[in-house]
Amino acid sequence: MTIQWFPGHMTRARREIQEKLKLIDIAIELLDARVPLSSRNPMVDEILKGKPRLILLNKADLADARTTEKWRAYFADMGIPSLAIDASTGNRVGEIPVKVRELLHDKIARQIAKGMTPRPVRGLIVGIPNVGKSTLINRLAGRNIAATGDRPGVTKGQQWIKVGTEMELLDTPGILWPKFEDQLVGFKLAMTGAIREQVLNVEDVAYFAIKELAVHYWDELAERFGLTEPPRDPEDNNELVRVMEDIGRKRGCLVSGGRVDLEKASGIILRELRAGNLGRITLESP
Ligand code: GDP
């Protein structure tokens, strides 16, 4: 699914989140651990201003673990605590409610001091499309929330989902838009699979991927596709085409006359990269 973001959409998205912020104690900002900058909304600090916040570096299973730790240190320096998780497997998802309560400890202590029984803390998941918001909500809920709302006759109003006994989540996430006016951001998001091929041409994205991988992860690329000759200059398009053809030949993507089917080769590269078959790859460092 691709969302076209125009100024009207942005204004509406922002207003929707600001309405939801009134209801919650903490905003849980989801980023893609492979591209923590490109998957970050350019205005998120301003939009969430004044709310306690937790950053989740999701899809950590696909990202370089050492770089993910550097990102956590980077956000800690900005005063924002973070966790690295995999929403799809549930790895470390159990730490989220613990961390949230730790961050809201003072607020909870004040309620107790006033003789109140503290109510569950309330959170909102926010993030750009495809970062894993629904997967995480379902994981935290322990059931399939979207499926419930999709049944006819079931009203899909805003509801609180219980996460254990001490935390609740709004069932619909806050959807933010990416920094899509930056072409490099678009290519990185396309490379990780967050933007579908309808928007950017598959071959262009694959060439971008080959260039990035040739510079930062040549060994992984060479190993996966049995390549022996790195591009002499990754800025040279002819060299990138040569690597693409090598990959296509290795995978039998041939058309008449022995030419390589570049579109098919492009599809293979992107599919295997996104599935994590080349290893754990992060495209941005702090
Ligand atoms: P949303 O648009 O933010 O709600 O994103 P979704 O929850 O629909 O997830 C987008 C895609 O990312 C789906 O194919 C998920 O299976 C996948 N996904 C979500 N979390 C993870 C994760 O931790 N690891 C991996 N490998 N894939 C994930």
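Because the structure is predicted, anything quoted here is derived from the model rather than measured. Numbering of ligands and ligand atoms starts at 1, following listing order.
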Short N or O distance, P129 and ligand 1, threshold 3.5 Å exclusive: no
Salt bridge D246-K250, side-chain N to carboxylate O under 4.0 Å: no
Side-chain heavy-atom pair L213, L273 within 4.5 angstrom cut-off: yes
Close N or O approach (A60, ligand 1; < 3.5 Å): no
Residue among R101, R53, R122, R119 satisfying salt bridge (Lys or Arg N to Asp or Glu O under 4.0 Å) with D25: R119
Flag if over 12 foreign heavy atoms under 6.0 Å of CD, Q18: yes
V131-ligand 1 polar pair, N/O distance under 3.5 Å: yes
Part of T89 within contact of ligand 1 (heavy atoms, under 4.0 Å): neither
Steps toward salt bridge (charged side-chain N to carboxylate O under 4.0 Å, His left out) verdict (E239, R242): CA-CA 5 Å; E239 281 290 284; R242 201 259 306 150; 3.2 Å; yes
Heavy-atom side-chain proximity of V35 to L189 below 4.5 angstrom: yes
N58 N/O under 3.5 Å from ligand 1 N/O: yes
Interfacing atoms of ligand 1 (cut-off 4.0 Å, heavy-atom, D86): 23 (O)
Enumerated ligand 1 atoms positioned under 4.0 Å from heavy atoms of L62: 26 (N)
Sole residue of D86, I96, N58 in side-chain contact (heavy atoms from CB on, under 4.5 Å) with L136: I96
Minimum non-hydrogen distance to atom 16 (O) of ligand 1, winning option of I85, T135, L57, N138: T135
Mode of D61 contact toward ligand 1 - side chain, backbone, both, neither (heavy atoms, under 4.0 Å): side chain
Distance filter under 4.0 Å to A87 heavy atoms, resulting ligand 1 atoms: 20 (N), 22 (C), 23 (O)
Electrostatic pair E69-R66, nearest N-O below 4.0 angstrom: no
Pick from K59, R274, K133: the one approaching atom 18 (N) of ligand 1 most closely through a non-hydrogen atom: K59
